[in-house]
Student: 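Below is the structure I would like to discuss, written out as structure tokens.
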Amino acid sequence: MAEEKSQASSKFPFPYKPYTIQEQFMTALYDVLEAGKIGIFESPTGTGKSLSLICGALTWLRDFEEKKKLEAAQLLADRVPQQGLSKDLQNSSVSSSDKLEAKASGGELDWITEFVQKKAERDLVDKLKVSVLFCSLINILHSVYSTATEPLDKEEESFILAEYESDDEKKPKDSGRTHSQLAQFVHEVQKSPFGKEIRMVSLGSRQNLCVNDEVRHLKSAQQINDRCLEMQRNKRGEQKTPKRKRESRAVCPFYTYEQMQFLRDEVLVEVKDIEQLVSLGKEIKACPYYGSRFAIPPAQLVVMPYQMLLHSSTRRASGIKLKDQIVVIDEAHNLIDTISCIYSCEVTGTQLCCAHSQLSQYMERYRTRLKAKNLMYIKQILYILVHLIRILGGEFIDVLLQCLNGKLLALIGIGYFLNHHFFQTQDELNMVQNRNISSVLQEKLDRILTLRRFHREKPKTAALDNFLQSLNQKAMTPQTQGEAMENEQPAMASPMMKVEGFIFALTNANKDGRVLIQRQGTVAHSSLKFLLLNPAVYFAEIVKECRAIVVAGGTMQPVAEFKDQLLLASGISADRISEFTCGHVIPPENILPLILCNGPSGHQLEFTYQKRDKPLLMDETARIVSNLCNVVPGGIVCFFPSYEYEKQVYAHWEKTGVLAQLETKKKIFQEPKKASQVDQVLSEYSRCIQVSGDITGALLFSVVGGKMSEGINFSDDLGRCVVMVGMPFPNINSPELKERMAYVDKTMMKTEGRSPGKILVENLCMKAVNQSIGRVIRHREDYASIVLLDHRYSRPSILSKLPAWIRGRTESKASFGSAFGAVSKVREVE
């Protein structure tokens with residue numbers, strides 16, 4: 001065993017002596033990558049998971065690249081006359097280490113490496129030329145106009161749509177989605193033994209990487225994207241027509257091909273995080289957003305938010321190619337929900353009305369200047385918008401009921417109705433998927449509407465207003481419609497882009513999604529929402545391309561759901577899936593997970609929706625928390641299943657005097673609903689714990705799934721005990737959840753006679769629990785108690801869904817007295 005440990009240590013470079021579980025993690029990871037499998041890795045926070053991922057994966061990459069170089073050298077040796085080769089290449093029995101020494105000493109392998117590098121550079125230049133052509137997501141050309149009636153000023157000439165492009169000709173679109181902060185992961189790479197030699201690039205959004213003050217100070221991500229693209233078009237327009245006299249238009253001084261090449265080279269020489277990349281871009285006057293993308297082809301490691309990876313259009317727009325690549329997804333516990341969210345889409349009645357109004361005015365203004373084909377497509381989109389508005393207004397009810405065979409009106413399939421009433425030809429779908437119209441409207445229409453000619457005359461929307469009023473008596477009046485548009489417009493995305501996203505979502509197969517109609521009196525307040533029920537359909541694209549995929553997290557339980565709904569449903573065979581889970585590095589006595597079945601008065605703890613409002617149960621919970629405050633030092637974090645229930649319990653305890661009693665022991669804090677207030681509450685909570693005095697520590701009321709249930713570390717005295725009040729089951733009356741349950745019941749096999757839909761609800765609950773209780777125990781010397789208040793946690797089906805390192809140490813206590821005594825003994829081990 002000692003010999004195996006020594007071999008593992010020498011195989012994987014590591015910044016310090018690794019824990020045994022880290023060696024096991026890296027060995028299992030190496031085997032998965034070598035065999036081309038799909039690995040599910042669970043390693044608790046505080047066990048060095050990120051560093052293990054980095055060192056294990058990069059060790060495999062190093063060995064793989066060395067193997068390929070030697071194979072290339074051997075192939076060359078077999079094809080070239082022997083007298084033209086050095087002795088190193090003639091002797092096939094030379095060891096790999098000798099060949100690497102030959103490379104270092106300037107032997108023939110240097111020539112091979114140089115040849116490969118030059119070829120790669122030539123290929124990269126070709127790719128960059130293509131990238132520059134494709135970097136504009138909207139191509140508004142100054143084309144030959146069909147007629148020349150009323151002249152347009154210079155400001156408006158650029159508003160005319162270019163010739164429509166087919167699917168094969170379309171430019172990839174960038175969703176502009178915000179990304180999570182990757183600096184911590186990059187810093188792990190920097191301090192690893194590979195930090196000085198790996199060619200790595202970090203990708204991010206324009207919001208995070210833009211260095212042009214004129215652009216990055218805009219209010220929204222969409223405005224930043226649009227302004228950036230407009231500047232690119234201006235620059236290319238000047239380059240294409242240097243002799244043509246035209247109005248001087250703003251161009252981005254950082255969008256310079258030579259400087260972006262220089263930035264690319266600098267990025268590949270030394271590992272940089274997003275902030276360092278931005279600083280470099282400012283220093284050398286180069287765009288970090290595009291410069292980083294130029295670095296993708298020669299990079300060995302590309303770091304990005306996984307939303308950028310999972311969204312196919314964003315992935316293509318970023319130049320990410322997955323063929324035969326290794327994909328490692330960290331913090332993958334919410335992967336299923338993330339994919340479903342990315343490809344689901346909602347459009348409101350107000351957005352539909354705004355889009356119809358904007359597009360109608362655009363068509364009227366430029367009717368004589370538009371190509372006949374584009375004019376036809378605009379009319380088709382208007383036709384679709386009218387039908388969507390009519391659905392929200394209550395029309396087509398009979399048709400919907402026929403499609404559903406008498407089922408609930410709220411939920412409709414995507415097949416018969418939409419295909420027969422919206423899309424008569426594939427061209428209609430092709431057009432709305434083209435970002436040309438939607439982007440032109442978002443970027444230009446506001447400026448069009450401010451021109452003097454639009455101030456002199458009222459927008460021609462009377463027909464639309466009359467149409468809306470005719471839908472039903474409760475429809476908006478022109479005045480209320482205008483107010484709704486005015487109130488919502490600043491906060492919402494481009495109406496046409498929202499419509500485009502919704503219609504694009506409808507191109508999914510009928511079996512993979514549902515449309516939810518939410519009618520709330522008026523058209524403006526109603527909405528249409530597409531729900532993606534089968535995330536595997538998009539994950540399968542990644543699986544098909546990649547050599548191997550690793551998904552990792554601190555709590556991947558319940559793994560069965562992950563395997564069934566994402567991996568097996570993607571067409572992956574069971575023998576290709578490999579699972580790895582490890583314990584924690586803390587001593588067993590540093591953690592005490594308890595299931596409390598009864599309170600101090602002997603009352604059974606069962607926080608079902610029907611029982612949790614009873615004063616007796618809230619009083620019993622108060623006694624438990626009060627006793628915990630007597631024996632637990634530092635901070636206690638108490639999670640409630642919802643904001644509503646937390647508010648109800650807080651009000652009851654305030655009324656009965658419990659809060660006043662608790663405040664004599666610990667300072668009480670509540671999780672705020674506004675994200676902007678979270679940092680302030682956490683700072684005051686931390687400061688209170690650090691101050692000594694009569695009040696020893698603090699008590700924080702939080703909500704499962706809230707702002708403090710993920711991403712917040714309650715290490716050391718910030719979280720010596722975490723209390724879970726009840727089980728946070730989702731609302732089974734939600735139409736979305738009902739559809740998900742019906743889908744898995746139809747597509748998944750029963751497990752031990754239990755319905756897949758019921759198991760889904762159980763899994764959603766326990767995933768939320770695992771994330772919340774994972775906020776404590778953040779490093780090897782940490783210690784804490786985990787108290788689960790509900791007898792249902794002791795059920796085998798529930799208990800099995802806790803992380804293995806917690807499940808193996810969990811005790812179920814029937815009486816409060818025994819639990820109280822156990823908690824009082826949890827102390828730091830010297």
Side-chain angles (χ1 to χ4, degrees), residues 173 175-178 305-316 329 332-348 351 388 391 403-404 407-408 410-419 422-423 429 432-433 493 497-518 527-545 549 551 561-572 705 730-732 734-748 756-757 759-761 763-764 767:
K173 65 179 181 179
S175 67
R177 295 179 183 273
T178 56
Y306 62 54
Q307 288 87 343
M308 186 180 292
L309 170 75
L310 298 172
H311 193 265
S312 56
S313 298
T314 305
R315 186 170 68 243
R316 290 193 297 269
I329 303 176
H333 55 276
N334 284 331
L335 191 55
I336 293 178
D337 294 335
T338 298
I339 298 176
S340 297
C341 181
I342 286 174
Y343 289 100
S344 295
C345 186
E346 183 173 16
V347 61
T348 66
Q351 289 167 338
L388 291 175
I391 289 178
C403 297
L404 291 166
K407 293 183 179 179
L408 291 175
L411 298 166
I412 65 175
I414 304 177
Y416 174 84
F417 179 76
L418 294 173
N419 290 336
F422 287 167
F423 311 127
L429 286 178
V432 297
Q433 291 177 43
M497 287 189 176
K498 292 293 290 186
V499 170
E500 176 199 27
F502 178 74
I503 299 177
F504 177 80
L506 300 183
T507 62
N508 284 275
N510 301 345
K511 63 182 180 180
D512 294 329
R514 296 289 184 275
V515 173
L516 172 66
I517 301 177
Q518 297 174 316
S527 66
L528 290 164
K529 183 175 183 180
F530 172 79
L531 292 174
L532 178 68
L533 300 178
N534 181 21
V537 69
Y538 289 102
F539 196 68
E541 299 174 2
I542 299 175
V543 172
K544 183 179 178 180
E545 294 287 324
I549 299 175
V551 291
E561 177 191 51
F562 192 87
K563 290 170 59 177
D564 293 340
Q565 293 188 34
L566 198 62
L567 302 185
L568 296 177
S570 298
I572 301 172
N731 180 12
I732 61 173
S734 160
E736 291 94 332
L737 184 55
K738 281 185 175 180
E739 281 302 300
R740 290 186 64 183
M741 293 173 66
Y743 177 80
V744 296
D745 279 339
K746 184 178 180 180
T747 58
M748 303 291 174
I759 295 176
L760 169 66
V761 173
N763 290 341
L764 291 173
K767 282 197 294 185

Student: Using 0.5 Å steps for rounding, measure from the CZ atom of Phe539 to the CD1 atom of Ile336.
Tutor: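 Between atom CZ of Phe539 and atom CD1 of Ile336 there are 9.5 Å.
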
Student: Taking C-beta and beyond as the side chain, do Leu737 and Leu764 meet within less than 4.5 Å on heavy atoms?
Tutor: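 Of all side-chain heavy-atom pairs linking Leu764 with Leu737, at least one is under 4.5 Å.
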
Student: Considering all heavy atoms of both residues, which atom of Leu568 and which atom of Ile572 are nearest to each other, and what is their separation?
Tutor: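 Nearest pair, atom of Leu568 first, then Ile572: CD2-O, 3.3 Å.
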
Student: After noting the C-alpha distance and the side-chain angles of Asp512 and Leu533, does the key distance pass the side chain to side chain contact (heavy atoms under 4.5 Å, CB included) rule?
Tutor: CA-CA 5 Å; Asp512 294 329; Leu533 300 178; over 6 Å; no

Student: Which heavy atom in Val543 sits nearest to a heavy atom in Ser570, and how many Å separate them?
Tutor: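 Scanning both residues, the minimum pair turns out to be CG2-CB, 4.5 Å.
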
Student: Over all heavy atoms of both residues, which pair between Ala505 and Tyr343 is shortest? Give the atoms and the distance, please.
Tutor: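 Answer, listing the atom of Ala505 first, then Tyr343: CB-O, 4.1 Å.
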
Student: Looking at every heavy atom in both Pro756 and Met748, which two are closest together, and how far apart are they?
Tutor: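 Looking at all heavy atoms of both residues, the shortest contact is CG-O, 3.6 Å.
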
Student: Find the distance between CD1 (Ile329) and OH (Tyr306) and round it off to the nearest 0.5 Å.
Tutor: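 One gets 8.0 Å once the value is rounded to the nearest 0.5 Å.
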
Student: Would you check if Tyr538 and Leu532 make a side-chain contact, meaning some heavy-atom pair closer than 4.5 Å?
Tutor: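 Answer yes - side chains close enough.
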
Student: So how far is it from His311 NE2 to Arg316 CZ, rounded to the nearest 0.5 Å?
Tutor: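 So the gap between those two atoms works out to 9.0 Å.
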
Student: Measure the CG-NZ distance between Leu516 and Lys738 for me, rounded to the nearest 0.5 Å.
Tutor: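 Going from the CG atom of Leu516 to the NZ atom of Lys738 covers 11.5 Å.
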
Student: Walk me through whether Asn534 and Thr747 qualify under side chain to side chain contact (heavy atoms under 4.5 Å, CB included).
Tutor: CA-CA 10 Å; Asn534 181 21; Thr747 58; over 6 Å; no

Student: Take Leu310 and Leu335, measure what side chain to side chain contact (heavy atoms under 4.5 Å, CB included) needs, and give me the verdict at the end.
Tutor: CA-CA 9 Å; Leu310 298 172; Leu335 191 55; 3.5 Å; yes

Student: Without swapping roles, check the side chain of Thr348 against the backbone of Ser527 for a donor-acceptor pair under 3.5 Å.
Tutor: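 No, because the side chain of Thr348 does not come within donor-acceptor range (under 3.5 Å) of the backbone of Ser527.
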
Student: Run the side chain to side chain contact (heavy atoms under 4.5 Å, CB included) test on Lys511 and Lys746 for me, step by step, so that the C-alpha distance in whole Å, both residues' side-chain angles and the decisive distance to 0.1 Å come before the verdict.
Tutor: CA-CA 10 Å; Lys511 63 182 180 180; Lys746 184 178 180 180; over 6 Å; no

Student: Nearest 0.5 angstrom please: Cys345 SG to Phe530 CZ, how far?
Tutor: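 Answer rounded to 0.5 Å: 9.5 Å.
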
Student: Rounded to the nearest 0.5 Å, what separates atom CE in Met308 from atom CD1 in Ile342?
Tutor: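 One finds 11.0 Å between CE of Met308 and CD1 of Ile342.
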
Student: What's the shortest heavy-atom distance between Val551 and Ala332, and which atoms?
Tutor: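 Looking at all heavy atoms of both residues, the closest pair is CB-CB, 3.9 Å.
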
Student: So which heavy atom on Lys498 is nearest to which on Gln351, and how close?
Tutor: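 Shortest heavy-atom contact: CG-NE2, 3.8 Å.
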
